[in-house]
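Just below is one structure, and these are the notes that go with it.
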Amino acid sequence: MSSEPVALATPEEVPWKRLSAKAPLAALVPLSATIGRMLLGALLPTYFAGERGLPVVLWVIVLSIAMLLLAAGLYEVATMSYRVVGAQLEIRSGIFTRTSRFIEAARVQNTEVVQPFVSKLLGLVEVKVETASGGKADGHLRGLTPEDAQALIHALQAVRREGAAAVLLPGDAPIEERVLSEAHLGGLLLYGATALGLGVLAVALGALHEITETFYKLLLPWMEAHWEALAAPGMVWLAGTVAALAGLFGMWLVSGARAVLRFHGFRLVDTGTHLRAVGGLFTRRQVTVRRARIQQVVLDEPLLRRTLGFGSVEVETAGVRTGKESADRAELLVPVVPTARTQELLREFVPELPDAISALPLQRAHPKALLRARIRAVGLSVLVAAPATWFWGAWGAVAWLLLPAQLMGAWFDWRFQGWFVTEALVVVRQGFWRRRTTVVQRARIQSVRARQGPLERGYGIGHVRIDVAGSHVILPSVGWAEAQSLIDMLPARRPARRAPHATLPDVRLPG
């Protein structure tokens with residue numbers, strides 16, 4: 001076997017690849033939406049200006065800024081080029097002011113292929129290259145042909161000395177691979193109906209505003225004409241119940257529609273060294289995650305979903321994108337996992353997982369943590385019920401029913417918390433109403449720290465926080481002495497790294 005080094009191509013020998021000529025058209029809609037959100041605050045004065053409106057000069061300034069930002073964004077897309085040289089992905093844009101980005105291929109955690117509706121009409125895709133930075137994608141190439149996107153992903157895999165995983169681009173026919181999970185329409189509707197988040201609430205409030213306008217224009221005159229019938233005993237409660245049910249049904253409908261738009265045709269397959277998830281109705285999204293880079297898996301099982309017999313699984317690597325909601329933080333989200341298949345799917349992500357995660361002998365939270373939770377529940381209940389009683393009298397006193405509900409919820413949450421440590425994993429379970437079971441690879445732990453607040457210091461307990469790249473998990477309350485001992489015990493001892501190879505393969509993108 002020859003030991004001669006592989007000749008590397010110099011940067012001057014590797015040509016630059018350009019985006020498709022239709023890339024600016026594909027970028028026009030998303031750039032316009034982004035700029036519109038940025039300039040929305042500039043239009044707020046129109047609300048206070050009334051019928052006079054804003055001066056013409058201000059409109060000219062606002063529209064000029066919008067056009068300049070849009071032109072700059074399209075200019076960047078039109079001048080963008082890329083290439084893979086040695087162990088780096090280089091991305092360059094601009095002519096007068098040139099910007100260059102260098103991404104180490106070995107640091108790439110996963111790649112994502114997205115095909116928005118406009119790109120689908122143009123026959124193009126977007127490729128996002130993510131590292132462990134914890135923010136947005138480090139490399140975003142908007143406007144590639146499917147062939148160029150496939151060649152780029154295979155080139156990055158070759159530099160990392162991985163077997164070339166099959167890249168199923170949006171619109172391609174599925175090939176024979178092992179399917180791990182699929183989501184059907186009924187399951188997605190249930191997933192959406194049990195995931196009422198802030199986005200759904202915003203849409204519902206917007207719809208409520210429109211309904212209010214309609215009420216004042218159409219329904220109010222009719223109600224005044226039929227007031228005697230409407231004021232009959234029991235009609236107020238009936239109307240309130242119908243309105244509440246209609247509002248809840250509307251929120252469920254909006255949430256279900258959002259789930260179908262995001263996960264329609266969802267399919268998770270195993271390609272050997274990678275996991276690939278594809279889904280979406282108008283915007284088709286493909287996420288490819290390297291098995292070796294998985295650092296944390298979260299099983300999300302709210303009470304309603306557990307009752308309906310399913311949960312959701314979030315898979316995070318070191319390239320996780322930060323966000324306020326868990327769906328934003330997870331690179332790969334399996335929306336619907338039947339409870340009977342939960343263990344089987346989790347072992348696909350974490351082979352070292354014990355056989356029955358639901359039957360693990362979890363170490364419970366410290367008993368004094370229950371007292372702390374009860375004090376917090378009483379404080380929250382008083383903070384809500386006391387002002388309500390002051391302002392609304394007997395009707396406001398109903399808010400005191402929140403106190404026993406909060407106390408019962410505190411006990412349930414404390415009772416079903418727990419944690420367990422194996423040779424390779426840390427398993428943490430939190431909550432009862434929204435139960436989340438987090439499995440962390442000990443070899444991926446970045447740091448462990450113990451924290452003790454003023455109230456916890458008086459009880460001699462504390463919290464242990466485990467940090468991995470871009471995310472963290474907090475263990476239930478433990479004794480302070482035990483918390484300090486966990487700092488040294490939890491991180492796994494990493495084996496010594498081998499010396500890096502002296503040469504890298506010569507990788508060229510097809511010209």
Are any side-chain N or O atoms of [X] and backbone N or O atoms of [Y], one a donor and one an acceptor, separated by less than 3.5 Å?
| X | Y | result |
| --- | --- | --- |
| Arg284 | Gly280 | yes |
| Thr194 | Leu190 | yes |
| Ser471 | Asp467 | no |
| Arg442 | Leu490 | yes |
| Gln452 | Ile461 | yes |
| Glu348 | Leu345 | no |
| Arg258 | Gly192 | no |
| Arg285 | Ala277 | no |
| Thr339 | Gly309 | yes |

Using side-chain heavy atoms (C-beta onward) and a distance below 4.5 Å, is [X] in contact with [Y]?
| X | Y | answer |
| --- | --- | --- |
| Leu281 | Arg262 | no |
| Arg142 | Pro30 | yes |
| Val179 | Leu268 | no |
| Val448 | Pro491 | yes |
| Glu126 | Pro116 | yes |
| Gln343 | Leu353 | yes |
| Val129 | Leu89 | yes |
| Arg434 | Asp300 | yes |

So, [X] and [Y]: side-chain donor and acceptor under 3.5 Å apart, yes or no?
| X | Y | answer |
| --- | --- | --- |
| Thr271 | Arg276 | no |
| Trp400 | Thr389 | yes |
| Glu104 | Gln88 | yes |

Stepwise side-chain contact (heavy atoms from CB on, under 4.5 Å) check, Glu112 with Val114: CA-CA 6 Å; Glu112 182 177 356; Val114 185; 3.7 Å; yes
List the atom of [X], the atom of [Y], and the distance in Å for their closest heavy-atom pair.
| X | Y | result |
| --- | --- | --- |
| Ala155 | Val84 | CB-CG2, 4.2 Å |
| Leu383 | Pro387 | O-CD, 3.1 Å |
| Pro476 | Gly418 | CG-N, 3.7 Å |
| Gly462 | Trp480 | CA-CE3, 4.0 Å |
| Glu456 | Ser477 | OE2-OG, 4.3 Å |
| Val336 | Gly187 | CG2-O, 3.4 Å |

Residue that, paired with Phe266, satisfies side-chain contact (heavy atoms from CB on, under 4.5 Å) out of Leu188, Leu333, Val334: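 Going through Leu188, Leu333, Val334 one by one, the side-chain contact (heavy atoms from CB on, under 4.5 Å) with Phe266 is satisfied by Val334 alone.
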Among Leu144, Ile153, Thr288, Leu152, side-chain contact (heavy atoms from CB on, under 4.5 Å) partner for Val113: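 Exactly one option meets the side-chain contact (heavy atoms from CB on, under 4.5 Å) with Val113, and it is Ile153.
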Audit row: Gln406, Arg374, side-chain contact (heavy atoms from CB on, under 4.5 Å) steps and yes/no: CA-CA 8 Å; Gln406 286 283 339; Arg374 284 174 173 170; over 6 Å; no
Phe263/Tyr191 aromatic ring centres below 6.0 Å: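 Under 6.0 Å, so yes.
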Derivation and outcome, side-chain contact (heavy atoms from CB on, under 4.5 Å), residues Arg291 and Asp270: CA-CA 10 Å; Arg291 280 183 174 274; Asp270 175 21; 3.3 Å; yes
Any chance [atom1] of [X] has more than 12 other-residue heavy atoms, nucleotides or ligands included, within less than 6.0 Å?
| X | atom1 | result |
| --- | --- | --- |
| Arg364 | CZ | no |
| Arg465 | CZ | yes |
| Phe102 | CZ | yes |

Test: Glu314 and Arg436 ion pair at under 4.0 Å: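 Salt bridge present between Glu314 and Arg436.
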Would you compute the distance between atom [atom1] of [X] and atom [atom2] of [Y] and round it to the nearest 0.5 angstrom?
| X | Y | atom1 | atom2 | answer |
| --- | --- | --- | --- | --- |
| Ser181 | Glu344 | OG | CD | 10.0 Å |
| Leu360 | Thr437 | CG | OG1 | 9.0 Å |
| Lys128 | His140 | NZ | NE2 | 5.0 Å |
| Leu475 | His366 | CG | NE2 | 14.0 Å |
| Thr317 | Ile294 | OG1 | CD1 | 8.0 Å |
| Ile466 | Gln446 | CD1 | CD | 12.5 Å |

Verdict with reasoning, Gln296 to Glu316, per side chain to side chain donor-acceptor pair (under 3.5 Å): CA-CA 5 Å; Gln296 180 171 297; Glu316 300 178 4; 3.3 Å; yes
Residue pair Val464, Arg449: steps toward the side-chain contact (heavy atoms from CB on, under 4.5 Å) verdict: CA-CA 6 Å; Val464 174; Arg449 38 185 159 162; over 6 Å; no
Geometric cation-pi criterion Arg306 and Phe432, 6.0 Å radius, 45° cone: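 Yes, cation above the ring, under 6.0 Å and within 45°.
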Aromatic ring pairing Phe416/Phe412, orientation class (parallel under 30°, perpendicular over 60°, tilted between):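 Ring orientation of Phe416 relative to Phe412: parallel.
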